[in-house]
Amino acid sequence: PQIKRGELLSDELVMQLVKSRLEKPDASNGTLFDGFPRRRSQVPMLDNVRSIKSAIILTLREDVLFEKAINRRVCSTCKRNYNTAHIMEGSMRMPAI
């Protein structure tokens, strides 16, 4: 229900999903998360599940994030994700994919 309403999942549910995924053999040598943790409250919860050795935080201007978000597309046939936004501004290079 939360997802259908466009709401974020509770921290507890997200952590259950993350913990379950981290227990799989292919996650034993490291894991890359995209968009997680999403809330500051999830950071200590993640640290209790797995020791964090390093992190990379990427930031973008709000107008660029908005442009990328509104240009997301999903192919109705193959279900692949695409983005039609083509942002080339200063040193920022984000071609459409």
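Source: prediction; values computed, not measured. Residue numbers count from 1 along this sequence.
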Worksheet item: Which pairs pass side chain to side chain donor-acceptor pair (under 3.5 Å) with one or both residues in residues 75-85, sequence neighbours excluded?
Response: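 Every side chain to side chain donor-acceptor pair (under 3.5 Å) pair that includes a residue of residues 75-85, provided the two are not neighbours, is N71-T84.
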Item to complete: Please list, chain by chain and in numerical order, all residues satisfying ring-ring contact (aromatic ring centres under 6.0 Å, His included) with F36, sequence neighbours excluded.
Response: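 Applying ring-ring contact (aromatic ring centres under 6.0 Å, His included) to F36 gives F33.
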Worksheet item: Which pairs count as salt bridge (charged side-chain N to carboxylate O under 4.0 Å, His left out) when at least one residue sits in residues 23-46, sequence neighbours excluded?
Response: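 Qualifying pairs, neighbours excluded: D11-R39, R21-D26.
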Worksheet item: What is the distance from atom CZ of R93 to atom NE2 of H86, rounded to the nearest 0.5 Å?
Response: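 Interatomic distance, R93 CZ to H86 NE2, rounded to 0.5 Å: 8.5 Å.
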Item to complete: Could I get the full list of salt bridge (Lys or Arg N to Asp or Glu O under 4.0 Å) partners for E89, not counting sequence neighbours?
Response: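 Here the qualifying residues are R61.
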Item to complete: Report the hydrophobic cluster partners of L32, with the cluster defined as I, L, V, M, F, W, Y residues connected by side-chain heavy atoms closer than 4.5 angstrom, directly or transitively.
Response: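 Noted: L32 shares its cluster with no other residue.
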Discussion item. Starting from L65 and following side-chain heavy-atom contacts under 4.5 Å between hydrophobic residues (I, L, V, M, F, W, Y), which residues can be reached?
Written reply: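 Under the 4.5 Å side-chain rule, L65 groups with L60, V64, I87, M92, M94.
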Practice prompt. Can you tell me which residue pairs pass the ring pair (Phe, Tyr, Trp, His ring centres under 6.0 Å) test with a partner in residues 42-62, sequence neighbours excluded?
Written response: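 Applying ring pair (Phe, Tyr, Trp, His ring centres under 6.0 Å) to every pair that reaches into residues 42-62, excluding sequence neighbours, yields nothing.
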Practice prompt. Write out all pairs satisfying ring pair (Phe, Tyr, Trp, His ring centres under 6.0 Å) with one or both partners inside residues 39-68, taking only residues at least two apart or from two chains.
Written response: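 Pairs touching residues 39-68 that pass the test: none.
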Worksheet item: Does R73 CZ have over 12 foreign heavy atoms under 6.0 Å away?
Response: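 Yes - once you tally the heavy atoms of other residues, nucleotides and ligands closer than 6.0 Å, there are more than 12.
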Donor-acceptor contacts under 3.5 Å from residues 45-56 side chains, at least two apart:
unit_1, atom_1, unit_2, atom_2, d
N48, ND2, P44, O, 3.4
R50, NH1, A27, O, 3.2
R50, NH2, L22, O, 3.0

Worksheet item: So, does S20 use its side chain to make a donor-acceptor pair with the main chain of L17 at under 3.5 Å?
Response: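 Such a contact is absent between S20 side chain and L17 backbone.
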